[in-house]
Each structure stands twice: as C-alpha cells, then as structure tokens.
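Inspection log for the structure reproduced underneath, given as structure tokens.
In what follows, residues are counted from 1 in the order of the sequence shown.
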Amino acid sequence: MRKHLFATLATLGMLTAAPFALANPIEIQVNNTMSEGGSESAAVERFAEYLEEQAPGRFEVRPFLAGSLGGENAILELLNLGQTQISLTGGNWRQQYAPEYDAITVPFLFTTWDEVDAYIETPSGQALIEKAESQGGLKFFGTQHRGPRHMTANKEINTPADLAGFRLRLPSLPIWLEVWEEIGAQVVNVPAPEIYLAMQTGQVDGHENSLSSPYTRRLWEVQDYLILTSHVQFPWSWVASSRWWDGLEAEDQALIAEAIDVAREYGSEQELELDKYYLEALQEEGMTVIEPDIDAFREAAMPAIDRVLSEMADGVREDALGSESN
C-alpha cells in the first residue's frame with residue numbers, strides 16, 4: 001500500500017520537493033505598517049519567493065501591509081502572544097523593551113549604516129537584543145536599511161546658527177525633541193497627515209523625515225530646500241514571535257532565517273535605489289539640495305547626546321561613541 005502511494009505521488013510530480021510537499025504548509029504572517037510599493041513590501045515579497053524556491057508548498061506566506069493587523073505596538077503584542085509570526089518593524093520594540101540600550105534612536109549619534117551595524121555587535125547592542133527577546137518574546141534576525149532622515153526647510157540651513165527661531169515639526173519622541181532643542185530649533189508637534197497644511201499656513205518652517213516624505217507629500221510645493229543632515233539611521237528590524245519560532249523544526253527555522261537574510265539584503269538594495277530616485281525627483285521639482293556642516297550640527301547636539309546616553313545602561317555611551325568617549 002505504501003509503495004503504491006509513493007509511486008502515485010511520484011507519477012503526479014508531488015515528490016519533487018520531498019519531504020516538504022508531504023507536510024501541511026506552515027502559515028507565516030508577515031506584518032509591516034507601510035503600504036505596498038516600497039522597499040518593505042519588496043522585501044516581504046522576496047522572502048516569500050525565496051521560501052517557495054527552496055521548498056515549494058512548504059510555507060504559506062501571508063503579507064499584512066499598511067498596518068492591516070494594527071500599528072507597531074499592537075503587532076508587538078500579537079508577536080508576544082504568538083498570535084502572529086513575523087514583523088518587519090520600526091524602532092518601537094527597542095523603546096518598549098530595552099530603552100536603556102537604544103542608542104540607535106539618538107539623532108546625530110550614528111551617521112552611517114556601518115556605525116549602526118557596528119553598535120549592534122557591541123555588548124550594549126547584544127544586550128538590547130537579548131532584553132527584547134526576554135521581555136517581549138521576540139526573536140531578532142537583523143536590520144533592513146531605510147533611507148536616512150533629512151530636513152526640509154523654507155530657507156537655507158547650513159549650520160546650527162541658521163536654526164535660530166526655526167519651527168521644526170517633529171514626532172513626539174522625547175529623545176528627538178531634546179536633541180533638536182539643544183541644537184537650537186523650536187520644535188512643534190504636528191500630526192503627520194497635517195504636515196503639508198502646517199507648512200502651507202506657516203505653522204512650521206520645516207520638518208525632518210526620510211526622502212519619501214517630501215516626495216509622497218509633494219512638499220516641494222511648500223518647501224524650497226532639502227538639507228541632507230542624515231541625522232538618524234532608523235532601520236527596519238525583522239523579528240519573529242519566540243513562541244511560534246520555538247515550535248518549529250530546526251530545518252524549517254534554518255530555511256526561514258536564510259530567507260530573511262535574503263529579503264533584508266534585497267530590501268536594503270531597493271531602498272537605496274528608491275532614495276536616489278526621490279533625491280533626483282525632488283531636485284527636478286525645484287527643491288534646492290544643501291549639504292550642511294554635519295560636524296557642526298553634531299557638535300551642537302553633543303551636550304544633549306551626552307545627557308541622553310548618560311541616562312542609559314552602563315557601557316552604552318562607550319559602545320556608541322567608541323574612541324570619542326575616551
């Protein structure tokens with residue numbers, strides 16, 4: 001009987017992916033707050049493709065984009081409970097579970113992705129990951145690069161002195177508010193959907209975000225300058241529910257982890273291409289690009305950076321600043 005069954009399956013071409021094709025598919029929900037069309041959805045798509053290439057029929061990947069299962073905090077809770085599987089998430093997990101190790105969120109501290117990646121490999125970075133795993137029930141797989149955050153403005157900004165009296169729209173993240181106030185900006189909290197109107201009416205003089213923000217919001221209509229401050233390298237992170245992950249077979253874990261690595265690299269490459277496109281498109285729409293004195297901004301921000309780091313766990317300042325802390 002068994003020989004007959006296997007012969008029948010072979011005839012139907014169902015043994016080509018053995019042993020995967022004989023098992024029930026593993027459902028993997030992958031969550032992200034961004035809409036389809038960006039580097040995030042491209043990475044999720046590549047993740048699904050890679051799994052299907054390596055193990056046809058073994059996995060059923062179900063993308064939930066644009067926050068369709070909830071915002072980042074809601075998804076973190078679902079991951080903790082084991083009610084969803086994977087998320088390509090922002091920085092909330094660091095602030096929620098291990099804020100005392102989250103130097104990545106501090107503006108003007110890390111200005112390149114190499115610096116961010118290096119910090120993650122330090123004892124403080126590893127403590128960040130370990131605490132998030134123990135407190136939040138998360139399995140961390142690594143970061144996916146996003147476009148750095150820059151400024152837009154209604155006047156030229158070259159040095160911190162140019163921020164005198166400048167009303168800068170910021171999200172209500174205390175660390176960001178403290179650093180930008182130290183540099184000299186007057187910070188204003190405006191809900192994201194109201195950014196364009198706030199600039200149009202003069203409520204604010206500028207804002208900061210990745211280049212997708214001025215592009216998708218058509219801010220060239222109300223802002224003349226793009227200032228390439230690169231003040232925050234704010235990565236996406238691939239995380240999974242530990243409850244779900246620990247219940248998988250080792251062979252499946254290895255393949256999923258491999259697919260995530262492929263997706264992270266692909267998503268980072270796509271983001272780099274998009275960032276170049278946004279920059280060129282914004283210039284074509286008439287925005288003037290300014291490359292400011294970033295060292296001067298960082299020097300002006302350093303008192304606040306020192307205060308923030310001093311309130312974090314022992315060793316974070318040294319790991320974040322490296323030789324500068326000596």
Legend entry - pair Thr143-Ile120: side-chain heavy atoms closer than 4.5 Å: yes

Inset, instruction - Could you name each residue pair satisfying ring pair (Phe, Tyr, Trp, His ring centres under 6.0 Å) that touches residues 278-313, not counting sequence neighbours? - result: Phe108-Phe297, Tyr215-Tyr278

Legend entry - From Glu258 atom CD to Gln54 atom CD, the distance as rounded to the nearest 0.5 Å: 6.0 Å

Inset, instruction - Assess the pair Trp180 and Phe166: is the distance between their ring centroids shorter than 6.0 Å? - result: no

Legend entry - SB check Glu208 Arg169 (cutoff 4.0 Å): no

Inset, instruction - Please check if the side chain of Asn189 supplies one atom and the backbone of Leu170 the other of a donor-acceptor pair under 3.5 Å. - result: yes

Inset, instruction - Apply ring-ring contact (aromatic ring centres under 6.0 Å, His included) to Trp244 and list each qualifying residue two or more places apart in sequence or on a separate chain. - result: none

Inset, instruction - Kindly indicate whether the side chain of Val262, heavy atoms from C-beta on, has any atom under 4.5 Å from the side chain of Glu49. - result: no

Inset, instruction - Report yes if some heavy atom in the side chain of His231 is under 4.5 Å from a heavy atom in the side chain of Arg298; otherwise report no. - result: no

Legend entry - Listed partners of Asp224 passing salt bridge (Lys or Arg N to Asp or Glu O under 4.0 Å), at least two apart: none

Inset, instruction - Could you tell me which residues satisfy side chain to side chain donor-acceptor pair (under 3.5 Å) with Lys139, sequence neighbours excluded, listed by chain and number? - result: none

Inset, instruction - Show your reasoning for whether ring pair (Phe, Tyr, Trp, His ring centres under 6.0 Å) applies to Tyr225 and Trp220. - result: CA-CA 8 Å; Tyr225 297 95; Trp220 61 81; over 10 Å; no

Legend entry - Residue pair Tyr196 / Glu221, side-chain donor-acceptor N/O under 3.5 Å: yes

Legend entry - Ring centroid separation Phe140 to Trp238 under 6.0 Å: no

Legend entry - Residues that, via side-chain heavy atoms closer than 4.5 angstrom, fall in one hydrophobic cluster with Leu197: none

Inset, instruction - Identify, with sequence neighbours excluded, every residue that meets side chain to side chain donor-acceptor pair (under 3.5 Å) alongside Gln29. - result: Glu27, Thr84

Legend entry - Backbone of Glu36 reached by a side-chain donor or acceptor of Ser41 within 3.5 Å: no

Inset, instruction - Keeping to residues at least two apart or across chains, list the salt bridge (Lys or Arg N to Asp or Glu O under 4.0 Å) pairs with something in residues 264-289. - result: Asp261-Arg264

Inset, instruction - Would you kindly confirm whether Met151 and Leu211 end up in one hydrophobic cluster when ILVMFWY residues are joined by side chain heavy atoms under 4.5 Å apart? - result: no

Inset, instruction - Taking the side chain as every heavy atom from C-beta outward, state whether Leu309 and Leu109 have any pair of such atoms under 4.5 Å apart. - result: yes

Inset, instruction - Look only at the side chain of Asp319 and the backbone of Gly125, and say whether a donor-acceptor pair between them is shorter than 3.5 Å. - result: no

Legend entry - Cation-pi, Phe234 ring and Arg94 (6.0 angstrom, 45 degrees): yes

Legend entry - Phe59 side chain reached by Ile256 side chain, heavy atoms, under 4.5 Å: yes

Legend entry - Ser87 side chain reached by Asn32 side chain, heavy atoms, under 4.5 Å: no

Inset, instruction - List in chain and number order the residues that pass side chain to side chain donor-acceptor pair (under 3.5 Å) with Gln253, two or more places apart in sequence or in another chain; answer none if no residue qualifies. - result: none

Legend entry - Heavy-atom side-chain contact between Ile26 and Asp252 under 4.5 Å: yes

Inset, instruction - Please identify each residue that fulfils side chain to side chain contact (heavy atoms under 4.5 Å, CB included) with Ser68, with sequence neighbours left out. - result: Phe64

Legend entry - Side chain to side chain, His145 and Asp117, heavy atoms closer than 4.5 Å: yes

Inset, instruction - Mind jotting down which residue pairs meet the salt bridge (Lys or Arg N to Asp or Glu O under 4.0 Å) criterion with at least one end in residues 179-203? Sequence neighbours excluded, please. - result: Glu182-Arg307

Inset, instruction - Kindly write out the residues that satisfy side chain to side chain donor-acceptor pair (under 3.5 Å) with Ser213, not counting sequence neighbours, or none if the list is empty. - result: His207, Arg217

Legend entry - Non-hydrogen atoms of Ala164 and Lys155 that approach each other most closely: O-NZ, 4.2 Å

Inset, instruction - Would you please name every residue forming a salt bridge (Lys or Arg N to Asp or Glu O under 4.0 Å) with Glu72, sequence neighbours left out? - result: none

